Trainee: 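Got a structure here, written out as structure tokens. Questions coming.
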Protein chains: 2
Amino acid sequence: MTAAEEQPGSAAHVLELVATGTARSRADLVRELGLAASTVSARVQELVDAGLLTESGEGASRGGRRPRLLRVPDGGTVALAADLGSHHIRTGAVGLTGTGFDIDECALDLTTGPEPAVGLLAGRLTALADRQRAAGRTVCGAGIGFPGPVDPVSGRVVAPSRMPGWHLYELRDRLAELIGLPVLVDNDANVLALGEHRAAHASLRHLVVVKAGRGIGSGVISHGRLYRGARGCAGDISHVRVDAAAERPCSCGNIGCLESVASGAAIAAALRGQGIEADSTTDILRLVEDGEPHATTLVRQAGRHIGGVLGVVVNFFNPEAVVLGGALAAAEPLVAAVRGVLYERCLPMATSELAIVAASCGPDAGLLGAGHAALRELAAEGGLPALPVVRT
Amino acid sequence: MTAAEEQPGSAAHVLELVATGTARSRADLVRELGLAASTVSARVQELVDAGLLTESGEGASRGGRRPRLLRVPDGGTVALAADLGSHHIRTGAVGLTGTGFDIDECALDLTTGPEPAVGLLAGRLTALADRQRAAGRTVCGAGIGFPGPVDPVSGRVVAPSRMPGWHLYELRDRLAELIGLPVLVDNDANVLALGEHRAAHASLRHLVVVKAGRGIGSGVISHGRLYRGARGCAGDISHVRVDAAAERPCSCGNIGCLESVASGAAIAAALRGQGIEADSTTDILRLVEDGEPHATTLVRQAGRHIGGVLGVVVNFFNPEAVVLGGALAAAEPLVAAVRGVLYERCLPMATSELAIVAASCGPDAGLLGAGHAALRELAAEGGLPALPVVRT
DNA sequence: TCTTCTTTCTTCGGCGATCGAATAAAGAAG
DNA sequence: CTTCTTTATTCGATCGCCGAAGAAAGAAGA
């Protein structure tokens with residue numbers, strides 16, 4: 001059962017079930033949705049007529065008539081997607097089945113201000129859109145994950161740390177103007193959470209997805225939906241005070257933040273302070289894999305600090321799973337340290353059935369999430385009928 | 001607009017709007033619910049026929065025909081309610097308008113095990129029910145707030161600390177059997193959150209309600225509904241590790257928990273250690289009001305520790321309000337300390353519109369919440385038609 | 001081979017919730 | 001004394017969904 005919190009039987013819900021493989025025939029849908037067979041048949045017929053669903057042969061009999069298999073045609077609609085990091089961007093197209101096409105990464109320094117970055121991003125997205133259209137696909141919009149706070153209503157960047165010039169930048173509207181498509185912008189941890197939830201944990205209703213990379217963020221799924229909080233900044237664990245960070249100043253202007261001891265940026269800085277060359281999270285990962293002791297220690301300690309904060313979160317929020325994503329989650333010591341601290345500190349009731357796992361989609365998770373979000377929210381404008389906008 | 005997350009137009013939703021004064025006439029309901037006037041009229045008629053709603057005269061004209069005012073009759077249905085503390089119980093009846101009747105408190109030591117306590121509770125509730133029936137009211141069930149973890153599905157107590165003999169006790173079913181009415185049991189912080197949300201913050205969707213008394217707990221409202229988490233233990237902030245608690249052992253078996261330095265029990269113990277007589281939270285409050293310096297310092301420090309944990313919660317959950325309830329919330333220094341720490345440590349974005357307030361219903365908040373919850377969940381069985389069970 | 005049962009899917013009539021237009025009631029404003 | 005506004009009801013019409021009946025197609029046993 002998918003945890004999508006839509007009306008059961010909505011077009012989006014049916015597509016979701018078929019796309020994820022949860023349901024392969026009308027009979028499956030009847031079981032999953034709990035609706036009458038007649039209703040499901042009617043709904044499926046609509047979707048087939050609209051070209052959003054196709055029948056593809058028959059499946060194996062289970063003792064009776066063979067089911068007529070349903071498929072989401074991959075050649076149909078896609079959304080462009082971009083996962084922005086502070087020093088690179090990853091772009092690609094995402095289809096209704098959740099598959100990514102034409103995924104590509106390039107260096108891009110967001111810290112030099114919005115205009116040049118957005119220009120380059122728009123260029124890449126436009127080229128990508130052209131290639132997708134040439135392949136016969138319809139492009140319905142673009143979803144962007146941005147490494148800083150975003151107001152999801154206005155699509156503006158709000159007070160990002162370490163990225164001067166971006167405050168209140170109208171990223172969504174500016175980009176939409178440049179590429180001529182509807183655009184959805186959200187925080188990178190939020191799109192990561194959406195992606196992981198859809199791809200690997202669709203049946204879970206309460207989920208915390210941590211993005212540990214150059215910075216630290218988290219996205220929250222509550223009641224099966226992205227939880228944003230009152231002002232849209234829910235999931236921030238980066239600027240929580242940690243004793244180990246003591247008086248250390250943070251980019252946010254406060255002192256003692258988790259980010260100042262446990263982020264990729266902080267680890268790299270600490271390594272450089274010990275005379276070890278390290279700049280990006282990739283460098284850190286390489287050092288850990290090479291068994292460099294300082295790097296391993298720092299990463300493990302970062303995991304402990306993150307675990308300490310997550311301990312509060314797990315007790316308070318009592319999620320079904322904590323998913324560790326972002327570049328640093330590829331480092332085993334970090335994952336192990338988080339696990340250890342959580343099991344040690346949290347209530348048995350909160351951890352007894354808690355899954356603590358690394359993200360399953362690897363580096364593409366955020367990208368796929370951004371595309372997925374765009375497909376859902378923008379499909380209506382782009383030609384899909386009756387895909388309701390999922391609101392939080 | 002109420003944040004009740006029901007189907008718009010459900011019987012419960014209509015009652016809620018009228019009971020809270022949000023809507024006073026059919027026309028108001030049309031505006032609030034966004035339904036067609038004909039639909040609202042029909043729904044209201046049903047409720048009037050069922051005796052759940054009455055017409056009471058006409059209101060002032062706003063330039064046209066005068067509205068026919070609607071009222072929730074207080075003489076109608078009530079739920080019994082009990083707010084259990086570890087050393088006392090508070091009982092009363094709660095009407096559909098949210099008013100409490102016949103509220104009373106008496107000493108009762110839960111730590112001596114379930115059977116005697118439940119016997120006494122059942123006796124008081126039965127007497128209460130008789131008095132309510134004598135007053136012409138219908139009693140539809142009882143709602144109980146219990147000071148420990150409760151499995152809301154089975155109505156069983158789960159692993160409460162400091163209360164031997166209660167583990168897996170079938171509190172709901174046992175009590176239902178004794179008083180002959182349907183019973184709802186939930187954690188005390190949860191019912192407190194429900195009560196405060198309904199009485200004072202009905203328009204807010206994301207809310208954290210802290211109960212600081214002999215122990216520390218919190219109830220979470222997310223998307224306008226009580227949030228329980230995966231295993232039903234969401235909102236636990238009591239057993240979060242706090243550095244100031246160092247190696248101090250906690251009743252949960254772990255060390256360094258918030259509870260061991262910031263709970264009423266811990267403060268009282270510390271005072272006794274300084275030769276000051278203090279046993280209950282009432283004693284502590286009295287000492288603080290008398291200006292006893294040690295007590296004031298301890299309470300203020302408890303507030304700081306609670307604030308430290310809430311800082312993580314506020315950044316992560318980004319609620320619209322933090323409500324401080326429980327006996328200790330009546331101590332100004334505690335509220336002030338929490339405020340100070342939150343404003344100092346949290347993201348500006350998370351605190352700029354955050355309300356940090358003491359509970360508005362005082363000592364009755366939990367009781368009213370328990371009654372409210374019971375009315376909603378049990379009304380169907382007790383004669384109210386179509387009051388849907390609100391699930392989390 | 002010939003039933004009988006299972007599974008899958010469609011057709012069709014009907015129910016219930018809701019809507020919208022028309023109407024009525026009652027007062028405000030000119 | 002007419003016209004407009006607000007409030008409330010009545011009455012078809014519509015829409016989504018359900019459930020019964022049946023059709024299609026195969027499995028399994030006699």
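So you know, we letter chains A, B, ... as the sequences are listed, proteins then strands, and number each from 1. Fair warning: this is a prediction, and the values are worked out from it, not measured in the lab.
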Trainee: Can you name the residues that form a side-chain contact (heavy atoms from CB on, under 4.5 Å) with R198(A), not counting sequence neighbours?
Mentor: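 Partners of R198(A) under the side-chain contact (heavy atoms from CB on, under 4.5 Å) test: E16(A), A19(A), T20(A), H372(A).
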
Trainee: Could you give the CG-to-P distance, from D28(A) to dT8(C), as a whole number of Å?
Mentor: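 That distance rounds to 7 Å.
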
Trainee: Can a side-chain donor-acceptor contact be found between T54(B) and S56(B) if the only test is distance below 3.5 angstrom?
Mentor: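 Checked: S56(B)/T54(B) side chains show no N/O donor-acceptor pair below 3.5 Å.
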
Trainee: Would you find a donor on one side and an acceptor on the other, under 3.5 Å apart, between the side chain of R172(B) and the backbone of V153(B)?
Mentor: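 Checked: pair present.
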
Trainee: Rounded to the Å, how far apart are L33(B) CG and dA8(D) C1'?
Mentor: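 So the CG-C1' distance, L33(B) to dA8(D), works out to 15 Å.
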
Trainee: Can you tell me how far P of dT18(C) sits from CZ of R26(B), to the nearest Å?
Mentor: 17 Å

Trainee: Residues in side-chain contact (heavy atoms from CB on, under 4.5 Å) with V44(B), at least two apart?
Mentor: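 So V44(B) forms a side-chain contact (heavy atoms from CB on, under 4.5 Å) with R26(B), L29(B), V40(B), V48(B), L53(B), L70(B).
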
Trainee: Send over the distance from R68(A) CZ to dA24(D) C1', rounded to a whole Å.
Mentor: 10 Å

Trainee: Nucleotide by nucleotide, 5' to 3', does protein get under 4.0 Å of the base (B), only the sugar-phosphate (S), or neither (-) in nucleotides 21-30 of chain C, counting heavy atoms?
Mentor: ---BBBBS--

Trainee: DNA chain C in dot-bracket, Watson-Crick or G-U pairs under 3.5 Å, [ ] crossing, | other strand?
Mentor: ||||||||||||||||||||||||||||||

Trainee: In this structure, how many angstroms lie between the P atom of dT7(C) and the CZ atom of R24(A), rounded?
Mentor: 18 Å

Trainee: Give me the ring orientation class for Y227(B) and H206(A): parallel if the planes are under 30° apart, tilted from 30 to 60°, perpendicular past 60°.
Mentor: perpendicular

Trainee: Using only side-chain N and O atoms of T39(B), determine if any of them is under 4.0 Å from OP1 or OP2 of dC19(C).
Mentor: yes

Trainee: Which nucleotide, dT8(C), dT7(D), dT18(C), lies nearest any side-chain atom of P67(A)?
Mentor: dT8(C)

Trainee: For L35(B) and dG20(C), give me the distance from atom CG to atom P, rounded to whole Å.
Mentor: 11 Å

Trainee: Taking side-chain contact (heavy atoms from CB on, under 4.5 Å) as the definition, give me every residue that meets it alongside N190(A), ordered by chain and number, with sequence neighbours left out.
Mentor: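 N190(A) satisfies side-chain contact (heavy atoms from CB on, under 4.5 Å) with D186(A), N187(A), L226(A), R228(A) once adjacent residues are dropped.
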
Trainee: May I ask you to say whether R231(B) pairs ionically with E353(A), meaning some side-chain N is under 4.0 Å from a carboxylate O?
Mentor: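 Looking at R231(B) and E353(A), the cut-off is met.
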
Trainee: If you assign each of A42(A) and G34(B) to its closest nucleotide in DNA chain C, which residue comes earlier from the 5' end?
Mentor: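 Counting from the 5' end, the first nearest nucleotide belongs to A42(A).
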
Trainee: Among dC9(C), dG19(D), dA17(C), find the nucleotide with the atom closest to the side chain of S25(A).
Mentor: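 The nucleotide sitting nearest to the side chain is dC9(C).
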
Trainee: Measure from CG on L69(A) to P on dT7(C) and round the result to the nearest Å.
Mentor: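 Result: 17 Å.
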
Trainee: Tell me the interatomic distance from Q45(B), atom CD, to dA17(C), atom C1', rounded to whole angstroms.
Mentor: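 Computing the Q45(B):CD to dA17(C):C1' distance gives 17 Å.
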
Trainee: Is the shortest side-chain N to carboxylate O distance from R68(A) to E55(A) below 4.0 Å?
Mentor: yes

Trainee: Please identify each residue that fulfils side chain to side chain donor-acceptor pair (under 3.5 Å) with R31(A), with sequence neighbours left out.
Mentor: D28(A)

